[in-house]
Amino acid sequence: MSKVIGAGVLFLLTGGLGICLSSSGKPYGTLIFTIHKLVGLAAVIFAVIVVRNLLQGAGIEGTAMTLIIVTGASILALFVTGGLLGAEKEPYMLLRVVHIVATCLALPSVGALFYLLGFKK
């Protein structure tokens, strides 16, 4: 349970840093941008480890597999759009919208996955 909470805290910290980064305006500050990326990467790695451990000994049902796919696709979109936003690639507004939508998909899907695998047993 504490590992699930730890992963959740890392995801919330990543989101908070992202909001600070977005409100600071362009060009993004190198320090906060780097911290945002590293905390995000740590959150994903930690969440993968937690989910893998929760899946051991439990069969993957359809709902869990769907949540894994949605979460994985959302996180991949976050990394791609985040990198392009940092490089200030065009179309900036479209990339920003995709980044926000991917965040809005990733957070509840990873939360639901943790709930389904960890708390509902």
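If you're wondering where the values come from, they're calculated on a predicted model, not measured in any experiment.
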Checklist entry - Which heavy atom of Ser74 sits nearest a heavy atom of Leu105, and at what distance? => result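 Looking at all heavy atoms of both residues, the closest pair is OG-CB, 3.4 Å.
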Check side-chain contact (heavy atoms from CB on, under 4.5 Å) between [X] and all other residues, then give those that pass, not counting sequence neighbours.
| X | value |
| --- | --- |
| Ala77 | Ala102 |
| Ile100 | Arg96, Cys104 |
| Val80 | Leu76, Leu84 |

Checklist entry - Taking side chain as C-beta onward, heavy atoms only, is Leu21 less than 4.5 Å from Leu17? => result no
Hydrophobic cluster membership, with links at side-chain heavy-atom distances under 4.5 Å among I/L/V/M/F/W/Y: are [X] and [Y] in one?
| X | Y | result |
| --- | --- | --- |
| Ile69 | Leu113 | yes |
| Phe114 | Leu12 | no |
| Leu78 | Tyr92 | no |
| Val51 | Val48 | yes |
| Val70 | Val98 | no |

Item to check | Partners passing side chain to side chain donor-acceptor pair (under 3.5 Å) against Ser109 (at least two apart in sequence or in another chain) | outcome: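 With sequence neighbours excluded, Ser109 shows a side chain to side chain donor-acceptor pair (under 3.5 Å) to Thr71, given in chain and number order.
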Checklist entry - Among all residues two or more places apart in sequence or in another chain, which pass the side chain to side chain donor-acceptor pair (under 3.5 Å) test with Thr81? => result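 Side chain to side chain donor-acceptor pair (under 3.5 Å) list for Thr81, sorted by chain: His99.
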Residues 30-45, side-chain donor-acceptor partners within the protein, below 3.5 Å, at least two apart:
unit_1	atom_1	unit_2	atom_2	d
Thr34	OG1	Thr30	O	2.7
His36	ND1	Thr14	O	3.1
His36	ND1	Gly18	N	3.4

